Undergrad: 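I have a structure here, written as structure tokens, and I will follow up with some questions on it.
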Amino acid sequence: MPSLGRLHLITDTRPGRDPLAVLRAVLPVARTELLVQVRVEDSATDREAYDLTRRVLALCAPYAVDCLVNDRLHVALATGAAGGHVGADDLPVAAARQVLGPAAVLGATAREPASATEAVGAGASYLGVGPCRATTTKDGLPPAIGVSGLRAVAEAVTVPVFAIGGVTVADVPALRAAGAYGVAVVGVLSAAADPARVAAELIGALTC
């Protein structure tokens with residue numbers, strides 16, 4: 001299985017955002033500490049998801065950075081991505097593992113120890129845990145679990161745990177102390193005037 005970088009960049013495909021420009025800025029800074037997760041809006045077609053994933057893979061290849069696809073596992077398989085990520089309303093983890101096969105990276109979303117343990121038992125390679133703080137990058141999210149919620153999950157499992165949901169550079173030390181292996185981010189990079197600088201600050205906080 002590919003190694004997991006500590007910084008997960010989730011593509012922001014909302015109107016007015018340019019996920020490829022953000023990725024181009026971040027890749028030279030983060031390099032192998034980066035893992036990219038292609039996430040598209042629910043309204044996007046499979047062809048749009050496929051085309052974006054192909055472009056992301058092409059940008060990532062020179063840096064040996066791996067790419068996952070959120071939810072649309074058939075797109076991950078069709079493009080040769082390293083794996084996928086499933087949320088609470090997507091395929092069950094065990095079914096997703098069957099689709100992707102034993103060697104692929106498979107992420108799952110969890111927010112409390114019982115579901116986290118179940119996901120790992122079903123084949124999750126890592127967990128995205130949150131939302132740690134309130135965020136506007138995705139609709140319909142449950143209430144934030146905070147640092148204490150992340151700690152409870154991290155103590156219950158042995159796979160890497162990634163904090164997600166409104167994470168900023170200032171949050172990283174407390175999240176790392178609570179057991180987070182890394183962070184998954186959207187808005188803090190996609191809305192930044194200088195994504196490369198923010199990425200460098202995140203990597204510095206994650207690896208110090």
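It should be emphasised that the depicted structure is a prediction, and the values quoted were computed from it without experimental measurement.
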Undergrad: Which distance, rounded to the nearest 0.5 Å, do you find between the OG1 of T13 and the CG of D18?
TA: 11.0 Å
Undergrad: Minimum heavy-atom separation for P195 and L189, please, with both atom names.
TA: O-CD2, 3.6 Å
Undergrad: What's the separation between atom CG in L7 and atom CG in L202, rounded to the nearest 0.5 Å?
TA: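 CG of L202 is found 5.5 Å from CG of L7.
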Undergrad: What's the spacing between Q98 CD and L106 CG if we round to 0.5 Å?
TA: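 Rounded to the nearest 0.5 Å, the CD-CG separation comes to 11.5 Å.
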Undergrad: Applying the salt bridge (Lys or Arg N to Asp or Glu O under 4.0 Å) test to D51, which of R54, R47, R55 qualifies?
TA: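 Among R54, R47, R55, the one meeting salt bridge (Lys or Arg N to Asp or Glu O under 4.0 Å) with D51 is R47.
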Undergrad: Honestly curious: do V169 and I10 fall in one hydrophobic cluster under the side-chain, below-4.5 Å linking rule?
TA: no
Undergrad: Quick one, L68 and V38 - any side-chain contact, counting heavy atoms below 4.5 Å?
TA: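 Contact flag for L68/V38 side chains = no.
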Undergrad: Restricting to non-hydrogen atoms, name the atom on A108 and the atom on V93 that form the minimum distance, rounded to 0.1 Å.
TA: CB-CG2, 3.7 Å
Undergrad: I would like to know whether T53 and V56 meet side chain to side chain contact (heavy atoms under 4.5 Å, CB included); could you show each step before the answer?
TA: CA-CA 5 Å; T53 303; V56 167; 5.6 Å; no
Undergrad: Does T45 reach the side chain of Y50, with side-chain heavy atoms less than 4.5 Å apart?
TA: no
Undergrad: Please examine the side chains of D12 and P19, heavy atoms only from C-beta on, and report whether any two atoms are closer than 4.5 Å.
TA: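 Not touching, per the 4.5 Å side-chain cut-off.
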Undergrad: First locate atom OG of S190, then atom CZ of R14, and finally report the distance between them rounded to the nearest 0.5 Å.
TA: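 Result: 5.5 Å between the selected atoms.
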Undergrad: Can any side-chain N or O of E112 pair as donor or acceptor with the backbone N or O of A114 at less than 3.5 Å?
TA: yes
Undergrad: Check whether any side-chain heavy atom of L9 sits under 4.5 Å from a side-chain heavy atom of L35, and report yes or no.
TA: no
Undergrad: Side-chain contact, heavy-atom cut-off 4.5 Å: L73 with V86?
TA: yes
Undergrad: Is it true that R39 and D71 make a salt bridge, defined as a side-chain N closer than 4.0 Å to a carboxylate O?
TA: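 Looking at D71 together with R39, the answer is no, because their closest N to O distance does not fall below 4.0 Å.
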Undergrad: Going only through I, L, V, M, F, W and Y residues with side-chain contacts under 4.5 Å, is there a path from V75 to L57?
TA: no
Undergrad: Group every Ile, Leu, Val, Met, Phe, Trp and Tyr by side-chain heavy-atom contacts under 4.5 Å, then state whether L23 and V188 land in the same group.
TA: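 Shared cluster, yes.
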Undergrad: Any idea which heavy atoms bring A154 and A178 closest together, and the distance?
TA: CB-O, 3.7 Å
Undergrad: Between Y181 and G5, which heavy-atom pair has the shortest distance, and what is it?
TA: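 What the structure gives for the nearest pair is CE2-O, 4.1 Å.
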Undergrad: R97 and A122: which non-hydrogen atoms are nearest, and at how many Å?
TA: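 Nearest heavy atoms, R97 then A122: CB-O, 4.1 Å.
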Undergrad: Centres of the H8 and Y126 rings: under 6.0 Å?
TA: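 Yes: the rings meet the under 6.0 Å criterion.
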Undergrad: Transitively linked via ILVMFWY side-chain contacts under 4.5 Å: V167 with L150?
TA: yes
Undergrad: Which pair of non-hydrogen atoms, one from L127 and one from A116, has the smallest distance, and what is that distance?
TA: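 Residues L127 and A116, closest heavy atoms: CD1-CB, 3.5 Å.
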Undergrad: Determine, using the 4.5 Å side-chain heavy-atom cutoff (strictly less than), whether V36 and V26 are members of one ILVMFWY cluster.
TA: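 They do share one cluster, since a chain of ILVMFWY contacts under 4.5 Å joins V36 to V26.
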Undergrad: Could you check H85 against T109 for side chain to side chain contact (heavy atoms under 4.5 Å, CB included), going step by step and ending with a plain yes or no?
TA: CA-CA 8 Å; H85 184 100; T109 299; 2.9 Å; yes
Undergrad: Are side-chain heavy atoms of L20 and L52 found at a separation under 4.5 Å?
TA: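 Side chain of L20 against side chain of L52, heavy atoms only: contact under 4.5 Å found.
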Undergrad: Set out, in order, the CA-CA distance, both residues' side-chain angles and the distance that settles side chain to side chain contact (heavy atoms under 4.5 Å, CB included) for V105 and L4, then state yes or no.
TA: CA-CA 9 Å; V105 177; L4 295 174; 3.9 Å; yes
Undergrad: Applying salt bridge (Lys or Arg N to Asp or Glu O under 4.0 Å) as the test, list every pair that has at least one member in residues 72-82; sequence neighbours left out.
TA: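 Those involving residues 72-82 are D46-R72.
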Undergrad: E33 side chain to R6 main-chain N or O, any donor-acceptor pair under 3.5 Å?
TA: yes
Undergrad: Side chains of S115 and E118: do they bring a donor and an acceptor to under 3.5 Å?
TA: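 Per modelled atom types, S115 and E118 side chains form no pair under 3.5 Å.
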Undergrad: Keeping the roles fixed (side chain from R176, backbone from L206), state whether a donor-acceptor pair exists under 3.5 Å.
TA: yes
Undergrad: Quick one: does any side-chain atom of R111 pair with a main-chain N or O of G128 as donor and acceptor, under 3.5 Å?
TA: no
Undergrad: With side chain to side chain contact (heavy atoms under 4.5 Å, CB included) as the test, would you mind laying out the steps for C132 and L175 before giving the verdict?
TA: CA-CA 9 Å; C132 290; L175 293 169; 4.1 Å; yes
Undergrad: Scan for salt bridge (Lys or Arg N to Asp or Glu O under 4.0 Å) pairs involving residues 198-208, sequence neighbours excluded, and state none if there are none.
TA: R197-E201
